[in-house]
Protein chains: 2
Amino acid sequence: MSSPKRTTIYDVAREAGVAASTVSRAFSNPRRVNATTREHVLEIAERLGYRPNPLATALQSGRTATIAMLVPDITNPHFFGTIHGAERRASAAGITFILSYTEESADNERSQIERLARSVDGFVLAASRMSDGTTVELAREHNLVLVNREVEGLPSAVVDNGPGSWQIVEHLASLGHRSLVYLSGPHQSWLAGERWRALRAGAEQRGMTAARLGPFPPRVVGGGAAADAALVSGATAVVAHNDLLAIGILRRFAERGVRVPQEISVVGYDDIFGADFCVPALTTLAGPHEEAGRAAVELLLRRGSPSAAETAPRRVTLSSHLVIRDSTGPAPR
Amino acid sequence: MSSPKRTTIYDVAREAGVAASTVSRAFSNPRRVNATTREHVLEIAERLGYRPNPLATALQSGRTATIAMLVPDITNPHFFGTIHGAERRASAAGITFILSYTEESADNERSQIERLARSVDGFVLAASRMSDGTTVELAREHNLVLVNREVEGLPSAVVDNGPGSWQIVEHLASLGHRSLVYLSGPHQSWLAGERWRALRAGAEQRGMTAARLGPFPPRVVGGGAAADAALVSGATAVVAHNDLLAIGILRRFAERGVRVPQEISVVGYDDIFGADFCVPALTTLAGPHEEAGRAAVELLLRRGSPSAAETAPRRVTLSSHLVIRDSTGPAPR
DNA sequence: CTGAAAGCGCTAACAA
DNA sequence: TTGTTAGCGCTTTCAG
């Protein structure tokens, strides 16, 4: 497997006729070394195929140059954008990126954080399922940044769902709908709460009735039960917690011969891959999730740097926008 | 961020009235310690909130309890299954899982391996773009397992595409098609080569003509050019390098008013999310990709263990199967 | 600007 | 079974 002996700073030092500390400086603190010396050292290092051992660096300095991102569920395409943005940003900064799944479990999330604590400089928690209290407590010991979740006092990057949910209501109202039902996601989901609050407020303002049903698993399979529940509710418009659920709902409606949007309108969240080619194509709230991932990593990196530690904005909000496709139409009369 | 001072084995040792090495053993080599002593140590450790520092362990022992998976492109849903399977397996073994993207670049792949080398026990390379030579060379220094790629002498887990591609040909032949065109993926893709070889051989056997066009980017956007090229070729059936490309092709055909499958049949590979609800639903070669990811990690873990180092199977092959949906039909006459 | 020396927290001989 | 003793490869005072 791995070679018997790797070259270390000592090998380089000996060969270059300098002390190990000088080699160390040549790499990690270039300006503290005479330019000529450094060049010489670097050359020898190159020739010997020297590679710094990140583990040794981390053990000694406490800096691991690694961050971890925790995601509830990888099979949800919604997260791809966020993950991708975060990974790109970390990679650009020369930071190793660890991805981990928590299977929608707050306990898992917590234990993963504890397990990885010493191996990373910080965490990006995507759509964290942990309670505010637990999160704040962990944030005292660990470097945390949230994505699509807000907790008082913690840095976060979120795609606003409030204004976006209002857009959904306005859209439905303009089509003559007088009632909507929100098919909710996991009840630990902060986002689900945000969405419902905004939908309800928007509906009230427009004189529409709004009901919430669920929770439903935020996956295609959840769509069957969700669709049936929606039908019983009598609402003319359903807003699904996410596109996965919405696609499942469309499928169930198709099975039952319920025509969308003639008999009922369907709206989703996230604009995932597939939302544009399912049938009917899904009206959904799209957002710059890749940007959110990037911003989160940026917040994390900034906390590490000595400068601008507290001056930096702690909270990034990004705008979402409604993409209108074929799953919404005039309310039936 | 992180607390000022973490408790170490020394703190525990002092408190428990034993040597540090005993504490170390109590955790990493439980059977080499008197049961009573161990229990006592563990209790003290618990009370003091001791957590082993994986970095120190790794630096000393060389074992990092971490593996890395390198994937060409995360936005390709094809990889989700593989990633998920690998992650689950690693997680079950208490192994930290690092995910990294190589953006379809062999150079990137190589440099990532070198960068992570000291921080991980091994690598899972998914659909590696590196040449056989480079791969073999790297395998001398690093612990590599391949997924959906075969290189002489290296362990791998692959979903067979040969037999699967034959199934595609048989299916098309049975529908009366006399010609097919393969719209190829990246030319560094080993899989693309395998597929084409099998398609060509199968076609020959069935007296069909087979042509290869491309390479096309294996994404939806590649579908436009691919579809147009297929049309010019005059073939009655197109086999796309993957479902993403196939979906792009369907879209282009729809735009151009080409009816599928009446005028032309379309087949994809991978059975990704969305393949069942695009229009028409896609006929595609499905495979147990999650299983492949799991198997790859298993191969990696096995190499580490002293026993069965060489007895273990080095190559896992999994069967694929054709899922027939609505994008294939009788050849036009 | 450079070198010597002391660890970071843990494991692994080797003794006892 | 347990303790002692060296380090793993690097960074970081502290002198020079």
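Below, chains carry the letters A, B, ... as their sequence lines are ordered, and counting in each starts from 1. On a predicted model such as this, the values are computed, not experimentally measured, just so you know.
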Check your understanding: What distance do A:E43 atom CD and A:L48 atom CG have between them, rounded to the nearest 0.5 Å?
Key -> 11.5 Å
Exercise for review: Can you measure from CZ (B:R6) to CZ (B:R51) and round to the nearest 0.5 angstrom?
Suggested key: 7.0 Å
**Study point:** Within residues 33-43 of chain A, residues whose heavy atoms come under 4.0 Å of DNA chain C
**Key:** A:V33, A:N34, A:T37
Practice item. Considering non-hydrogen atoms only, spot the tightest contact between B:L301 and B:A93 and give its length. Key: CD1-CB, 3.8 Å
Point to revise | Check: B:T102/B:Q112 side-chain N/O donor and acceptor closer than 3.5 Å | key: no
Check your understanding: With distance as the sole criterion, is a donor-acceptor pair present between the side chains of A:T36 and A:N34 under 3.5 Å?
Key -> yes
For residues 12-28 of chain B, run the donor-acceptor check on the side chains, cut-off 3.5 Å, and write out each pair with its distance to 0.1 Å, sequence neighbours left out.
{"residue": "B:R14", "atom": "NH2", "partner": "B:D11", "partner atom": "OD1", "Å": "3.4"}
{"residue": "B:S28", "atom": "OG", "partner": "B:S24", "partner atom": "O", "Å": "2.8"}

Revision key, fill the gap. Partner of B:V120 under side-chain contact (heavy atoms from CB on, under 4.5 Å), picked from B:I98, B:L300, B:N143, is B:I98
Exercise for review: Check every nucleotide of DNA chain C for an atom under 4.0 Å from a heavy-atom of chain A, then give the first and the last such nucleotide from 5' to 3'.
Suggested key: C:dC1 to C:dG9
Practice item. Verify whether the ring centers belonging to A:F97 and B:Y101 lie closer than 6.0 Å. Key: no
Exercise for review: Give me the bend of the helix from C:dC1-D:dG16 to C:dA16-D:dT1, using the axes of the five pairs at each end, rounded to 10°.
Suggested key: 30°
**Study point:** Salt-bridge present (A:R315, A:E150; N to O < 4.0 Å)
**Key:** yes
Check your understanding: Would a distance-only check, ignoring hydrogens and angles, find a side-chain to backbone donor-acceptor pair under 3.5 Å from A:R149 to A:S128?
Key -> yes
Point to revise | A:E137, CD: over 12 other non-hydrogen atoms inside 6.0 angstrom | key: yes
Point to revise | Base-contact (B) and sugar-phosphate-only (S) positions in nucleotides 7-16 of chain D, heavy-atom cut-off under 4.0 Å, - elsewhere | key: BBBBBBB---
Taking only distance into account, with no hydrogens and no angle test, what donor-acceptor pairs under 3.5 Å do side-chain atoms of residues 65-73 of chain A form with protein atoms, sequence neighbours excluded?
{"residue": "A:T66", "atom": "OG1", "partner": "A:T64", "partner atom": "O", "Å": "3.0"}
{"residue": "A:D73", "atom": "OD1", "partner": "A:T75", "partner atom": "N", "Å": "2.9"}
{"residue": "A:D73", "atom": "OD1", "partner": "A:T75", "partner atom": "OG1", "Å": "2.7"}
{"residue": "A:D73", "atom": "OD2", "partner": "A:T75", "partner atom": "OG1", "Å": "3.1"}

